[in-house]
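Here is the structure we will look at.
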Amino acid sequence: MKIPFTRRVVSEGAAPDLDPVFDSNGRFTPESLTRIKAAAEQGHVIAMANLGTELFATGDRAGARRWLRRAWDAGNVPAGFNLGMLHATAGDANQAQVIWERCAELGDADAMLGLVRQALERGQPASAERWMRAIFDQPDVFPITALGFAFAEHGHVPQAVLTYRVAVDRGDAFAMEYLAAILDSQGSHEEATELRQRAATAERML
């Protein structure tokens, strides 16, 4: 499995009628989209964020930029992450970095991962390592495993092993399997086998 790095949809919770409803293709149903669009036009910040995210997914970049920017300006951090993704996929790495740095300073682990990936793509592992401790310190396991995957993908094996071990200690089966593959390549077959056995019954944390 390749670690995903994708746009995020926000659950409203307090207003269940505005929670996105998805069709079989993973898109908002027409009824759900209509409700969310109406709420966004009335100034509902989470609806703005989700409308922008859905427009991004369907290829309406101008519409996505409009609504994500409005939600981000109103303080919605997931919208900021998605806006950074919009700029990154359009080839504007500098603007993505500016936005992600602000999101990362607010504690957003996905934005930290975006900055890590940018730094590794530029061949600057020291800049990537800047965010390691912050990602380790946040409560979700998925960003830690994704960090290890990013290091491994760019050939930084010691950092990947260190990071996977943190995720393994928190019980992530994906991290166990990824670490086992590295250990096998290094000749540590016994530990790799033990990890795969653990992964068979461990939780896959996404």
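Between A64 and L86, the shortest heavy-atom contact is C-CD2, 4.3 Å. For the residue pair A160 and I182, the shortest heavy atom distance occurs at CB-CD1, 4.3 Å. Annotation for S32 and P20: closest pair OG-CA, 3.5 Å, computed over non-hydrogen atoms. Taking both residues in full, the closest heavy atoms of A96 and H87 are given as N-CB, 3.9 Å, listed atom of the first, atom of the second, then distance. Closest heavy-atom contact between I99 and G80: CG2-O, 3.1 Å. The two atoms that bring A104 and A111 nearest to each other are N-CB, 3.8 Å, heavy atoms only.
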Start with the C-alpha gap between V168 and R198, add the side-chain angles, then the distance that decides, and say whether side-chain contact (heavy atoms from CB on, under 4.5 Å) holds.
-> CA-CA 10 Å; V168 165; R198 288 178 60 189; 3.7 Å; yes
Go through L51 and R70 one step at a time and tell me if the side-chain contact (heavy atoms from CB on, under 4.5 Å) criterion holds.
-> CA-CA 11 Å; L51 177 58; R70 288 185 62 181; over 6 Å; no
Test side-chain contact (heavy atoms from CB on, under 4.5 Å) applied to W72 and M48, step by step | CA-CA 9 Å; W72 172 229; M48 292 179 192; over 6 Å; no
Is there a salt bridge (Lys or Arg N to Asp or Glu O under 4.0 Å) between D73 and R69 once you walk through the steps?
-> CA-CA 6 Å; D73 288 345; R69 171 55 68 181; 3.3 Å; yes
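You'll find the side chain of F28 stays beyond 4.5 Å of the side chain of K37, heavy atoms only. The closest side-chain heavy-atom distance from L68 to N76 is not below 4.5 Å. Looking at heavy atoms from C-beta onward, T163 lies in side-chain contact with M132 at the 4.5 angstrom threshold. Residues V157 and Q186 meet the side-chain proximity criterion, which asks for heavy atoms closer than 4.5 Å.
Under a 3.5 Å cut-off, the side chain of H156 and the backbone N or O of Q159 do not form any donor-acceptor pair. Panel note: side chain Q138, backbone D140; a donor-acceptor pair is recorded below 3.5 Å. The closest donor-acceptor contact from the side chain of Q118 to the backbone of A93 lies under 3.5 Å. The main-chain N or O of F149 is found under 3.5 Å from a side-chain atom of Y164 such that the two form a donor-acceptor pair. With hydrogens and angles ignored, the 3.5 Å screen pairs no side-chain donor or acceptor of N25 with any backbone N or O of R27.
Note: Q197 CD to M176 CE = 12.0 Å, rounded to the nearest 0.5 Å. To the nearest 0.5 Å, the span separating CD on E190 from CG on D184 amounts to 12.0 Å. Summarising the geometry, atom CG belonging to L33 is positioned 7.0 Å from atom CG belonging to L55; distances are rounded to the nearest 0.5 Å. Taking CD1 of I46 as the start and CD1 of I36 as the end, the distance is 10.5 Å to the nearest 0.5 Å. Between the CZ atom in R130 and the CG atom in L115 there is a gap of 7.5 Å [rounded to 0.5 Å]. The CG atom of L183 sits 15.0 Å away from atom OH of Y178, with the distance rounded to the nearest 0.5 Å.
Under a hydrophobic-cluster definition in which Ile, Leu, Val, Met, Phe, Trp and Tyr are linked whenever side-chain heavy atoms come within less than 4.5 Å, directly or via other members, F136 and M205 are assigned to different clusters. Follow the hydrophobic side-chain contacts under 4.5 Å out from L195 and you never reach V141; the two are in separate clusters. M85 is connected to L106 through a chain of hydrophobic side-chain contacts under 4.5 Å among Ile, Leu, Val, Met, Phe, Trp and Tyr, so both are in one cluster. Hydrophobic clustering keeps V98 apart from L113 (ILVMFWY residues linked when any side-chain heavy atoms are closer than 4.5 Å, directly or through intermediates). Placement of L162 and M112 within a single hydrophobic cluster is found when ILVMFWY residues are connected by side-chain heavy-atom separations under 4.5 Å, directly or transitively.
Between R204 and E177 a salt bridge is recorded (basic side-chain N to carboxylate O distance below 4.0 Å). A salt bridge does not link E54 with R35: every distance from a Lys NZ or Arg NE/NH1/NH2 to an Asp or Glu carboxylate oxygen is 4.0 Å or more.
Ring-plane geometry between W100 and F81 is classed as parallel, the angle between the planes falling under 30 degrees on a 0 to 90 degree scale with a further cut at 60.
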